[in-house]
Structures are given as structure tokens and as C-alpha cells.
Protein chains: 4
Amino acid sequence: MTTTGRRGFASDNNAGIHPVLLESITAANSGHVVAYGDDEYTHRAEKAFKDHFGSAAEVFFVLTGTGANVLSLASFTRSFNSVICAETAHIQVDECGAPEKFTQCKMLPVATPDGKLTVDGIRKHLHGFGFEHHAQPRVISISQPTEMGTVYTPSEIRSLADLAHQNNMILHMDGARLANAAVSLDLPFKAFTTDAGVDVLSFGGTKNGMLFGESVVFLKPGMSAEFKYFRKQGMQLASKMRYISAQFEAYLTKEVWRTNAMHANNMARLLYEKTSSIPGVKITQKVQANAVFAIIPAHLVETLQEKYFFYVWDESICEVRWMTSFDTTPGDIDGFTSFLASKMS
Amino acid sequence: MTTTGRRGFASDNNAGIHPVLLESITAANSGHVVAYGDDEYTHRAEKAFKDHFGSAAEVFFVLTGTGANVLSLASFTRSFNSVICAETAHIQVDECGAPEKFTQCKMLPVATPDGKLTVDGIRKHLHGFGFEHHAQPRVISISQPTEMGTVYTPSEIRSLADLAHQNNMILHMDGARLANAAVSLDLPFKAFTTDAGVDVLSFGGTKNGMLFGESVVFLKPGMSAEFKYFRKQGMQLASKMRYISAQFEAYLTKEVWRTNAMHANNMARLLYEKTSSIPGVKITQKVQANAVFAIIPAHLVETLQEKYFFYVWDESICEVRWMTSFDTTPGDIDGFTSFLASKMS
Amino acid sequence: MTTTGRRGFASDNNAGIHPVLLESITAANSGHVVAYGDDEYTHRAEKAFKDHFGSAAEVFFVLTGTGANVLSLASFTRSFNSVICAETAHIQVDECGAPEKFTQCKMLPVATPDGKLTVDGIRKHLHGFGFEHHAQPRVISISQPTEMGTVYTPSEIRSLADLAHQNNMILHMDGARLANAAVSLDLPFKAFTTDAGVDVLSFGGTKNGMLFGESVVFLKPGMSAEFKYFRKQGMQLASKMRYISAQFEAYLTKEVWRTNAMHANNMARLLYEKTSSIPGVKITQKVQANAVFAIIPAHLVETLQEKYFFYVWDESICEVRWMTSFDTTPGDIDGFTSFLASKMS
Amino acid sequence: MTTTGRRGFASDNNAGIHPVLLESITAANSGHVVAYGDDEYTHRAEKAFKDHFGSAAEVFFVLTGTGANVLSLASFTRSFNSVICAETAHIQVDECGAPEKFTQCKMLPVATPDGKLTVDGIRKHLHGFGFEHHAQPRVISISQPTEMGTVYTPSEIRSLADLAHQNNMILHMDGARLANAAVSLDLPFKAFTTDAGVDVLSFGGTKNGMLFGESVVFLKPGMSAEFKYFRKQGMQLASKMRYISAQFEAYLTKEVWRTNAMHANNMARLLYEKTSSIPGVKITQKVQANAVFAIIPAHLVETLQEKYFFYVWDESICEVRWMTSFDTTPGDIDGFTSFLASKMS
């Protein structure tokens, strides 16, 4: 079964490059530029991050979302530390053990109904400090939006940051889709990151229209001294850095982040509205960003996938995930929901 | 001192994207495509690799040259193994210890006059097999061309492959600039890789005109079963893979590799000819690819660097490295050599 | 507060060396013996293991229980694998992340009421095989007896072994206190290890009367080729191996394992009987080996600890753990339980 | 060929336990003692180390010499660092890559004629500080005495310490046989460790008469905060610690270290005197501790080894190593040298 070219709701990674961002690459393709990031494109992009996240913010560009997460964790941990995350977190279930490979730390997953960590859920792991037989808790890591399509409020984030800091830990945010959260909350990035106590952020661009390009953003001073070595050793240092930087500059200064995320979120909302009214479809999570989770009859999955690509999230209950992206069209939604409705009846 | 925009001979990574390759990215930017490599662009690029390296060749695309090298080594080693390389090898001096980080293997550097390993140079490390106190030799790694701009002949490579195989080891080739070697030898890739006994190859595109994109090529069957996991865990799996694949397809099927490498090599030859006749300049290595190594008076370095960017290779003797690239112009050479000659007199 | 010399129920590691085992050390202290294990003491001890575990059993001596567990796991895993264990497992909570440090694998903890894994509890982790984004499940690890003092039956073990093997995984058993399980089941070691499908076993001696000495036992042929390198690289190869081997030989051939474990189990049974009848003491686990778990009034802990050393297991509910050992006396039990009873009233 | 029981000059690890040290184990075998080091035996041994190395010295007991070296390095490094050592160093050639496994650092071996690092030999590696492509030099590691049986003077050590400190690096000393160096120099330990600028020391006991027991000694304040976690995670924390501690206390307070090392050194001196006068035997290193290196006719090796066990150090030139130990007798020397002389004629 060839899948190329089939549209669908499998992943926002299946979309291409937004035209404005592709244009930024073409525009940067002129003459010699020092490799590895000591260039004007990168310096301008760095400034754009300070404009969005505060003047203390220091950004480093990397190549993949996994790279951003793993290097964020590495910057604050030694191998005897542990990292607390939701059991649905990307770092726990979707990165093939990359965090353990690079940091050698223990991951402590916490069960949640909606992908969101809570103070109560974390507390049972906050013990054994100073006891050499026990891996030392050092990081709380949350995803915003979560892998379940839900969004933390700023005060929820602040509670987790306070808990972390009270225990000499840090709060990491996996923001592979941070733009979708910002649009959902209708808040600037800073309001629910820097201002909510987050220490280090993985900020993604690829899932929202970039060719490639992710970043690690240290939100407080004095945290980044070792990062450049970890980035190189972690095989995440791009030689022709200007092409990541140019995209990020355009992404942040030309509202591409907002336009694209708003569209994707709206399409998810539309998909939710159309599917939730179909008898036999049960929506399982709040739709706050660009994902819709639903339980559907198992016998329909293959039929649906032949026309529209998507993934089954939990086979045991036939829960599926539908992701929208910056290039999802109302026609995609209409076509899919009509097809689904026709098969349900 | 701003360096952006200054032309020079610092690195082939300072050049941009070749227009044909940029066009391949633009052409691929249409519609939805399955992420992570299960797409038509990737399948066509894989076929192009088989056309060049033989039907057993299996290629995997990665993000950086360090990634290609490290994952090549990881595929054949366990942590108690050792890897033998030249003491000038990229894996030894330019990757911030990434091979040790990921593979945890011991690197055994061998001193060489020209960056080329020899059977005699390696032999002292071929002992202690089966002795548990000693890291077990498992890989011989060579660079083609070497970091000193020299090129192995096919028979030299065959000798090293035979030595490796006699000792139950494998031969890895770092081909970050393999096109420059192929042009230098005037041979197809296969003649000095697959046919010379190489087991696994890092094949680069970035230094010869691609935006980004490197690859690991297994040249014999049955070697790649674990690779996909290491690639993901090594944070080297691109989500929007099509944009690497499309470039590689164009690179290999449209002779971009040859055109660009031939030009760069010719420019290095021209630079060599013009500088070697300047009194006070001593060329230190054979110029067989796109690098020229020379000893120049130390007091001139800063003056030269103000107009033309390049790196000092060995400060103790003021040996410098000049790299040419696909976009170096005869005018660059003329301007630089005239300036250099004027300062020497 | 000095703790030296105070008797108690903190750990079977607080007891000393059984006289027969100390005598075996003294007896081995004569003349020169080849270091690192190529000696007659070791060869005889190896034979004793084959006598107990079957002729295919291959044993390797190591220095610590953590070492035995970690090297067992390392022998079957690559860094992209995962290991499933109870959330109370020693490898999960008591080894400071040593398994992640050495193997770089992901640990997948499963909640259990009694420290025992079940087929149902494991099944949710048995997915994603062949999917490169997901750490690949490779080992099920159980403790016998468990850290909660409970003991698996042979048929429970067989079920887990079958589940493992059906999924191309292996079953590891942490037998730091295996002798206590054998006595509890009244079965020879082989009946619930080799014959129940266990692949690799950590077999401990220290907690049951040895000065030091743990071991890894491969129970099937063809599994141990890489072990000697991992043992050396894992810093677990004793130079004066004869002193571990001599102890193990005496331990296995002179019934020290049985005598000591039977005594410790009997003392735990006695402790259980005496404490379970004290009002206000709630026994929380079945007493099947040499541990008693109980909930006691929190305000009594310090008072009790001043005379008898022991640990609080779960502070949130004031659950404590009392371990007995080969040198626990009925007088210890009487003294402690009388003291406890007197404080409860 | 069975080797058990044959006397010889293979290794000081082939000797047994010195009676005074065995007695210290027996004497400690009484009652309950808190496991893992919080006990009076350990506290007294810690005091003995302060008496020998200065009041700032903090000692941690570990299980193997490799463990002491690796954990010393881990305490000062991150994975992007490098460690400079002699190419004959134990950490480079005899530990199966354990340093790379645990620290993931790059080892930079330096060729030496006699196993001793010099300022000049190190300098070529002291570059690339702050350059992210290059592993960052962090430790200079020397062995005292060296693996070639030579001994550094205090001023040689001071020069290396100064070089290290000028470059924000630290000086590690592998003192697996430190007592032999102290006797050779006729100096207290402190004079050529703490007072010569050494930062961290591996101090060994096993090769000089202990059953087992090695240690890491931090010689300056503020260096040891993370050590306890690395020791546990490195599988180097002994549960029944008292038996290491009791030996070390006796070793340091009862002059066992001196008596044994003096004897071994004297025996090496005697062996040197007797063999150096045999025609056809060429002594290749100064005999300053308890090792003699010699080139002998290759055809004699097997014959000699049948009666006296020893190792060939460098097969290419038939250089052999003869180690003496605390229990080598003048009769051993006489027997061996007579046998050797008889075969040479």
C-alpha cells in the first residue's frame, strides 16, 4: 500500500514547508557564510527569540525534536538523576529511549488521564533525596500542548515550576507544538513559559511548517555554559545553520507561527465538531490544540485508512488520533467526516 | 569582527545550496507525504544509491556527518570494542567525542604523515583479541579523501579491508567528501568502496552543495537490522525526510556530485599552482582533492584572514588549511593569491 | 546517633560472615593462584553451580548484587531496548539508576500489590515491536523472592517465561535472596529457575552469610560469549577471585545456603506470628521469605529505632520493613516484639 | 596447562592475603553493623587516611582498581571532556574500555619511553579549549609507580599538577601500587600526592596484600559531593563495607603497607641484580618499584613459563614483565634466575 500523496490526519509532520519559510531559505542562499551558527541569520533569529521569551532567553538551534528534548535534559542532569514525566510523554514513548541513551538518567513515568502532570501525581516520586541508593529526582518535564492534545494553563505550569524549584529541580517544557498552545490560550509565549517559571524549553518549528529546525531555549541566565558541547557531541549541530536560522527568524517575526497554528487548531475544532455528532464516535480528550482523539469501531479502521492516513493510538480500545496541520483544508475535513459518517450508518 | 559574507577558504560548509538541489527541495514541497522516510522520494533516492554502490547497498539518511560516522560505528560495535583511526581523523579530533559518547568504545589513534592509515601503522593495535582486560579491536575507520586532502587508491583500501576481515573486524569509510575522491581517482564510487572491500560508508552531501543531508550506506547484506533504532535513538531521524531524499536523488542522478566536486578539485589545483610558486609558502600535503595545506609566515595570518576567511590547522608550525568548494571562483583564487604574494614580498 | 553494633531488622546485609564461609576464605589463603578466575577454586565452584542448576549453567562471579543485575541485563540488550519490571524492583528503586547507566535501556515499571509481575500487568508494554520510535521490549525481570518478601510459584514463573519467549524476549530473575525462596518453596533451585524457563539469574551470596560475592548464571547454552568483557568493563571482575569462589563452593556444597536461609525464614515467621497479634500492628504482605512488612503508628518509629535498627518502607502510610538474617536469634525477636508491644499499649 | 599453585612473577594479584589483614577481617566479624559504610570500622579507616594524606583528604572505598580509576575520572568530567594519559596507562590498555564506558570521555594516549608523562609530551593535546568541535581536555592521569615500574619524583608530579591547574584541569594519580612508590622514594604518601598538587588519587590495597579493597581519595576540599552517587551507580558500593575498612585500617596503622611494599621492592631489586648479569637478558626499564622488564630470547618463554608463571609484555620484541609481591621469597628469585641462566647457556 503506497501512502505517498494520500492526505490525512496522521501527523503534522506529513505536511510540507510553508511558502514563507521556503522563501526564507531561498533568500538566505547567497554567498559564503560561516558554518555552525556564527552568522547574521542566526544572530537575528536569536534576537527574535529574546523578543518573544524575554531578554534572558538564550536559544540554540538543533535538528530534531528528540534532539531538543534530550539536550535540554542533558544540560541539567548527571547520570544518577531521574526525570519525571507523563507516561504519555514523547520522551517516554516516542523517542526509542533516546533520553536514557544520552543522559543515562532514569525516567519516571506518571499515569494521567489527559497527558497533564499534576502536583499530586508527581509527589510520590519526590523522595530519596540524598540517599545514594536512589536515583536523584532532578527534572519535571511537561509537554505543551500535551501528546493528548490538551493544554496547561499558566497557573498549572506555575504550580509545577514551584514544586520543582522547592526540591532543587528544574521544569522542562517540550514545546514541539508550542505555537498551538499559544493560540489555544490566546497568550504570548512568554506568559506561559518564562513568566510561569519554566527553566528550559524545547521549541519546535517543523510540525508547524518549517522544513526542519528545532531549538532549546534557556529561559534564565547561567544555564547554558555546557550546551554547545552537548549539541555537538549529540550530533545536533547543523553545519549550514543559516537555513534553520532564516526559517526561525521568518517564523517568529512574520507571524507564521500564529497563522499556521491558528489554522491547524481551527481545523481540529472543526473536525471535532463534525465527528462528535456522529453516532458511534466517542471523543476521548478535550480538543484544545490540533489533535482529536476518538474511539471508533475497530472494523472501520482499515477502510478509513485506505482513503485518509492516520494512526491508531491505543489498539486495546481502538482509540485513534487525528492531527491537523497548517495545510489541512476544510475540504479534507468534509471529505473525511462524510466518509466516516457513511461507514457508520 | 563580522565574518558573514566574507568569501574565503575556511570550509566547504560555508558555501550555500547548489541551485539544482534547492530546486529539488522546492519540487518536493507539495501535498502530504508520510514522515520519517516511507515515501516515494526516499525510495527513488535509495534506488539511486544501489545504482552507484551495487544492488546490496542499503542506505539510511541522517542529518549530520558526525551522525553518519557515529551510527556507522555503532552498528558494528559493543561498548567493549575499539576503533582504529588516523590521529587526524574527523571522528578523533573534530566531533567533540561523539563516537565515545554514543558507542562508548575506545578510539585508538595512529600517527600518520598524510592522514592515511597503513597496514603497518595499524598492526600494533591488533592484539589482545579474546583477552578480557583489553578493549577488543572491531573497526578500522578511514577517511576518503582524508582530512589532509589526500586520497587512498583502491588497492590501499583493499589492503586495509583484508587486514580488517582477517581479524574479524570491519572497514568503515568516512566519505563526507567522497565525490571529491571519486573525481580525483576518476573512478565510479563503487570501484573504491564496495569493490575494494569497504563494509560501511558515511556518504556526505552537505559539503558538496546540499542544504543538509548525510547518509550511512551498508555495502554488504545483513548488516543493517539494528540501524533504524540507532538512528532514532541517535536523534538522526528527520521527520520531513523527503527533503533530504529529494536532494540525494538529484545529487546522484543529475551528476551534481561530479560537477561540483570536479569544480572544487580544480579550484584547489589552481590554488596549489598559484601558491606553491610564491617564495615563503611551503605546501605540506599532496593536493589530491579540494584542500591545500601550507606553511606560511605566522605574522601574515591575521592580515590575510581580514580579507579571506580560513583556519590555522597547526599553530605550532603555522600550517594553514585552504578548502575550496563548488562555488569557489577563479576570481577568488586570483584575488587571494595576489594578496598573499603582495604581502610576502 | 551511632548505629554500629545495634542489632535489628534493617537488612540482611548488616549481618557478618557465616563461620563456615570465613573458614573457606582462610583455607584458600595459601600460595600463588592465577588472578581473575582461572584457578581451581573457581573451577570447583563452577561445577557446584552446574550441580544445582543443570549442566548447561554457566556462572560468572561478580562483586555486588547491582553488578549481577546490571550485567545480566547488558548481556541481552542494546541501548534501544526496554526492560519490564515491578515498580518495587531493586533494579528500579534501589540501584541509583545503575541499569540505565550501563545498559542505557529504558526501564518500564509495573505497579503491583505484592511485588510480583503478572502476565496481565506486563501486556500493556508488549507493543511497538519493530517500530523505530519505540524502545523495543527485550527483558522481563522478576525478583525471587520479591522485594516485598513474597515468593513466585514455579508455574507463575513459567507463565512469565512463556510470555517472554513468545515475544522474543528473555526472563531475568534477581535472586539476591534465592536461597530464601528455595527454602520457602521447599524445592531445589533448578525447579523454579532452569526448569521454569528462566534465561539468566542473578544469584546472591552476601545477604545470606558471605563476606561478598554475587554471580550471574546463564541457564541456557550460547548466551555468555560477551559476558567476560562486560564484567571487566563493568568493573566487576575481582582480581583475587579465589576468595569469592571458595565461599561459593562451600555455600553450595556444604548446605550453608539452606541452613542460613531456613533459619532466616523461620525467624521471619516467628516475628510475623508475634507481631501480627499485637493490636495496632497491621501486616501488609504475606510472609514467605525473610521479610515482614507492617504498618505501625508513626510516632513509635523513632523510639523503636533507638533500640532496634530498621527502615521505614513507605513514609506516607508508615509501612516498615523488618528483615531477618542467618544470625537473627529468637532472643532478638522476643526482645523486639516485647518492646513493641509495651509501646503499643 | 593448569596454573593454579605455580609460583611466579605474573602479577602481585596472584599472591594471597597478608596474615595481619586476614586477621583484621576475622576481628571485624562480630554482630550487626550498618551496611554500606556508616560504621565504626569505616570511620576509623577514614581517619587513618586523613593521618596519611592530610586533614582535607576524603576517602571512599571501592571494590576494584578499575573502579577507583573510573570513578575518580567521573567525578571531574562530563562526556565532552578528554583525559590525557600515557599510552601504557592501565586506564588505556588494561581496563577493557571501562573509562570510556562509564565517563564516555575521550582518552588521549601519549607515547613515552618509560611510562612517565612529561609536560612536553602533554602539550600537544592542550588546545581547542572552548571550541565545541573538540573534546575539552579536563584530566591528566598518571600512574605512580607507572605500569613500567618507574617512579615519578615529587617535582615531576608538581610540574604536571601545575600544568593541569593552569589549564583548568585536574591531576589524577593511579596509585594501585602507591606503597611501592612511597618505599622507593622513601617519602610519606603525602609528600608526593597532596603536597605535590595531586587532586584525586586511586589508592590500592589488593596488590599489596589485601583480600580486596581499593579507594578513591579526594585530596582537596569540595570535590566529593557527587561521588557517593557515582559509586553506587558504578556498582562499586560494598554492602558489607566493614571488611574493606577493617583491612585498610590495619594496612595504614600497622605499617603493613610499608613492610609489604619494601619486601616486594627488595625482591625486584634482587631479581634485577641476578638477571641483569645473565648474558642474553636485557633489562629495559629502571627498576624502581616491584617490576622488572626484560627482553629475553623468544624460544625460552614457554620453557620458563612451565615452571614460573609470568606474562609477555610486548610480543614484537619479546619483552617480558616480572612482578614481585609481598610473598615473593629469595628462594623464588634464586630458583628462577638459576633456571633462566641454565637455559641461556
Side-chain angles (χ1 to χ4, degrees), chain C residues 2-8 10-11 13-17 19 22 25-26 28-36 38-41 43 62-67 70-71 95-98 100-102 206-207 210-212 229-240 242-244 309 325 327, chain D residues 2-8 10-11 13-17 19 22 25-26 28-36 38-41 43 62-67 70-71 95-98 100-102 206-207 210-212 229-240 242-244 309 325 327:
Chain C
T2 177
T3 53
T4 301
R6 216 175 351 139
R7 295 185 67 84
S11 169
N13 280 319
N14 292 10
I17 317 170
L22 181 54
I25 290 174
T26 305
N29 194 34
S30 164
H32 282 191
V33 164
V34 176
Y36 301 113
D38 183 17
D39 65 79
E40 291 306 317
Y41 301 96
H43 300 157
V62 297
L63 292 158
T64 69
T66 298
V70 168
L71 297 183
E95 299 184 350
C96 200
E100 285 90 343
K101 175 72 178 178
F102 195 86
T206 316
K207 290 178 196 289
M210 283 176 55
L211 193 173
F212 73 135
Y229 303 113
F230 281 133
R231 178 171 61 174
K232 176 63 187 178
Q233 201 181 32
M235 316 186 287
Q236 289 290 304
L237 178 61
S239 54
K240 295 184 177 175
R242 58 171 136 168
Y243 300 107
I244 297 180
F309 199 48
S325 59
D327 70 347
Chain D
T2 178
T3 53
T4 301
R6 217 176 350 139
R7 295 184 66 84
S11 169
N13 280 321
N14 293 9
I17 316 170
L22 182 52
I25 291 174
T26 304
N29 194 36
S30 166
H32 281 192
V33 164
V34 176
Y36 301 113
D38 183 17
D39 66 79
E40 291 306 316
Y41 302 96
H43 299 158
V62 296
L63 292 159
T64 69
T66 297
V70 167
L71 296 184
E95 298 183 350
C96 201
E100 285 91 344
K101 176 72 178 178
F102 195 86
T206 317
K207 291 177 195 289
M210 283 175 57
L211 193 174
F212 74 135
Y229 303 113
F230 280 133
R231 178 170 63 173
K232 176 63 186 178
Q233 201 181 33
M235 315 185 287
Q236 289 291 303
L237 178 61
S239 53
K240 296 184 177 175
R242 58 171 137 168
Y243 300 108
I244 297 180
F309 198 48
S325 59
D327 71 346

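Each chain gets a letter, A, B and so on, in the order the sequences are listed, and its residues count up from 1.
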Taking every heavy-atom pair that is under 4.5 Å apart, which of [options] has the most such pairs with chain D?
options: Glu95(C), Lys232(C), Gln236(C), Lys240(C); result: Lys240(C)
options: Thr64(C), Val62(C), Leu71(C); result: Thr64(C)
options: Ile17(C), Leu211(C), Thr66(C); result: Ile17(C)

Tell me, side chain or backbone of [X] under 4.5 Å from chain D's heavy atoms, or both, or neither?
X: Tyr36(C); answer: side chain
X: Leu22(C); answer: side chain
X: Ser325(C); answer: side chain
X: Ile25(C); answer: side chain
X: Ser11(C); answer: neither

Task: Heavy-atom pair with the smallest gap, counting every atom of Gln233(C) and Gly97(D) - done: NE2-O, 3.2 Å

- [ ] Taking all heavy atoms of Tyr229(D) and all of Cys96(C), pick out the closest pair and write down the distance.
- [x] O-SG, 4.0 Å

Open item on the list: Could you check whether any side-chain heavy atom of Phe102(D) comes within less than 4.5 Å of a side-chain heavy atom of Lys101(C), counting everything from C-beta outward?
Closed with: yes

- [ ] Report yes if the side chains of Met235(D) and Val70(C) come closer than 4.5 Å at any heavy-atom pair, otherwise no.
- [x] yes

Open item on the list: Counting heavy-atom pairs closer than 4.5 Å to chain C, which one of Ala15(D), Gly67(D), Gly8(D) comes out on top?
Closed with: Ala15(D)

Side-chain donor/acceptor of [X] to backbone N/O of [Y], under 3.5 Å:
X: Arg242(C); Y: Asn14(D); result: yes
X: Asn13(D); Y: Ala35(C); result: no
X: Asn29(C); Y: Gly16(D); result: no

- [ ] Compute the centroid of each ring, for Tyr243(C) and then for Phe212(D), and state whether the two points are separated by less than 6.0 Å.
- [x] no

